[in-house]
2 protein chains.
Amino acid sequence: MRDIAGAVGITQAALYHHYADKQSLYLAAMGHAFSDKAVGITEALQSKGTPTERLERFISSFTRLMASDPDFRALLQRELLDGDESRLQLLAEQAFLEPFQAMTELARDLAPDCDAHLVAISMAGLVLFHFETAPVRQFLPGGTKRHNDPKVVAKHVTQLLSRAFGTA
Amino acid sequence: MRDIAGAVGITQAALYHHYADKQSLYLAAMGHAFSDKAVGITEALQSKGTPTERLERFISSFTRLMASDPDFRALLQRELLDGDESRLQLLAEQAFLEPFQAMTELARDLAPDCDAHLVAISMAGLVLFHFETAPVRQFLPGGTKRHNDPKVVAKHVTQLLSRAFGTA
DNA sequence: GTCTATAGTTTGATAGAC
DNA sequence: GTCTATCAAACTATAGAC
């Protein structure tokens, strides 16, 4: 609370005029961080084209988002790790639902014989895990700066999923 | 420190007789948590059989480990999120190196035309992300308890990777 | 709406007796 | 090797003046 107050140029006590307690401030900040982040993703998923084309646009869009905002990605993963039931429900309903629904629809078009829920999660996980492991991959064989390039990650993930499901 | 002391039945002061400070205790506990966890994984990867068979054994082994020890999985993901450079290097060298090397070798056999580092990371990410998202997936469409069953996850991931790379 | 001042807790770590 | 007692710092939150 002291750090935040200092960052916005007021004292800690003044912060309590705007938010009832630390939890309220955190929830408001989290809500702000997640607002509008999903729009670009959902648009890519609902764009016109073959399933493979939509997949490519989605992976590209999601990869760019994760690469461009490391703090947001860390916040997302921290919530998955530490968020209590009520906070995760809020997040699921207000932030994830729309893009995830579009992802399952793409999954159904892409792999009608597979469980769409599992495929949708797999698509997201393939992208996210590359960034999640970035700090440790530099110490593992084959890990280069190249592998943190969103274009390289997107190309790899798209190729993997196309091979698995694509008609191409 | 008070909680840990209480859990082992001594006072907080006595804890400082065994560990210099909180960080030392944490590192020792982490080292203990990670020791031997990789053995089963590496064995599965180095077993005899076709690449597809080794893939199936690896995914099965890794999925079972993640499902059987949620605290270990959370510790792993917390280190990826918060671990400083030196701690991640220690982890990479002492815990991840051996299984990861075996994973890249499998990746080379499985997909000679792909970047083995990226493929190895993808194999791990596909498994881990399903568990990482478990608490939020119950609020997303299509999410059922079935999707937290390690057998179901392993089958899905194996099938996805086999389709992408397998000769089958 | 912001300030100073402070209450009330919790935390990591130490001193010194046994 | 464990204890009691305590310190110093950091924390969330509140009281009350302006």
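Protein chains get the first letters and strands the later ones, always in sequence-line order, with residue 1 at the start of each.
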* With nearest nucleotides of DNA chain D determined for Gly9(B) and Gln12(B) from heavy-atom distances, which residue corresponds to the more 5′ nucleotide? -> Gly9(B)

* Whole-Å distance separating the CG atom of Leu25(B) from the P atom of dA13(C) -> 10 Å

* Hey, is the side chain of Thr11(B) poking within less than 4.0 Å of OP1 or OP2 on dC3(D), counting only N and O atoms? -> yes

* Asked: Does His17(A) make a side-chain N or O approach to OP1 or OP2 of dG1(C) shorter than 4.0 Å?
  -> yes

* To do: State yes or no: are the ring centers of His130(B) and His156(B) separated by less than 6.0 Å?
  => yes

* Is Asp82(A) salt-bridged to Arg87(A), going by a charged N under 4.0 Å from an acidic O? -> no

* Asked: Nearest-Å distance, OH (Tyr16(B)) to P (dG16(C))?
  -> 18 Å

* Structure fact -> Between CG of Leu15(B) and P of dG1(D) the distance, given in whole Å, is 13 Å

* Among dA13(D), dC3(C), dG1(D), the nucleotide that comes nearest once only the side chain of Lys22(A) is considered -> dA13(D)

* Hey, are Arg108(B) and Asp113(B) close enough for a salt bridge, meaning a charged N less than 4.0 Å from a carboxylate O? -> no

* Asked: Closest to the Ala14(A) side chain: dT2(C), dA5(C), dA13(C)?
  -> dT2(C)

* Is the number of heavy atoms from other residues, nucleotides or ligands within 6.0 Å of CD (Glu98(B)) greater than 12? -> no

* **5' precedence on DNA chain C between Arg2(A) and Asp21(B) (nearest-nucleotide basis)** => Arg2(A)

* To do: Take the protein atom OH of Tyr19(A) and the nucleotide atom P of dT2(C), then report the distance between them rounded to whole Å.
  => 12 Å

* Structure fact -> Among dG1(C), dT12(D), dT2(D), the one nearest any side-chain atom of Met1(A) is dT12(D)

* **Atom-to-atom span, NE2 of His18(A) to C1' of dA13(D) - whole angstrom** => 16 Å

